[in-house]
Every structure is written in structure tokens, then in C-alpha cells.
Amino acid sequence: MIVECPHCHKKIEWSSTNRFRPFCSERCKKIDLGAWAEESYVITSTSPEPDEFPDEIRDAPH
Ligand SMILES: [Zn+2]
């Protein structure tokens with residue numbers, strides 16, 4: 001079965017030996033996951049600032 005890499009649209013074989021499927025390579029997989037992570041960072045950046053955490057959490061040892 002031949003599929004297109006969602007990132008670069010290169011045709012690749014879909015097989016259980018391709019651990020990057022549906023991507024053609026680790027590079028494309030990481031780029032796609034990175035784009036997703038950036039997007040979710042923008043969403044989570046609207047959450048409360050660390051200053052709004054209770055004091056017992058802020059003073060806890062690292
Ligand atoms: Zn690709």
C-alpha cells in the first residue's frame with residue numbers, strides 16, 4: 001500500500017516496518033509534531049500566570 005507523507009507528499013510504502021508512518025521519515029514526523037506543539041503552546045499560553053499559583057506551590061522545593 002502506497003501513501004503520501006502528510007508533510008512533504010512524498011510517496012511511501014505503508015508497512016509495519018515503517019515506524020514513521022504515515023510520514024516518510026523521522027524528520028517529517030518531528031516537523032509535524034513540532035508544528036502541533038507550537039500550536040498547543042499558543043493555546044496554553046492563555047492559562048493563568050505562575051504568579052497566580054498558591055504560595056505553597058511556589059515555595060515548594062524543586
Ligand atoms: Zn515526508
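Every number for a ligand or one of its atoms is a count from 1 in the order of the listing. Since the model is a prediction, treat every value here as computed from it, not as a measurement.
Contacts classified as side-chain hydrogen bond (donor to acceptor under 3.5 Å, both in side chains) and involving residues 20-29 (residues at least two apart or in different chains) are given here: Glu26-Lys30.
Once rounded to the nearest 0.5 Å, the distance linking CD1 of Ile12 with CG of Asn18 reads 5.0 Å.
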Indicate every side-chain donor-acceptor pair of residues 3-10 with a distance under 3.5 Å to a residue at least two apart or in another chain.
unit_1: Glu4; atom_1: OE1; unit_2: His9; atom_2: ND1; d: 3.3
unit_1: Glu4; atom_1: OE2; unit_2: Lys11; atom_2: NZ; d: 3.1

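Remark: Ser16 engages no residue in a side chain to side chain donor-acceptor pair (under 3.5 Å) (not counting sequence neighbours).
Contact check for Pro22 versus Trp14: side-chain heavy atoms found under the 4.5 Å cut-off.
Around the Zn ion (ligand 1), the protein N, O or S atoms found under 2.8 Å comprise Cys5 SG, Cys8 SG, Cys24 SG, Cys28 SG.
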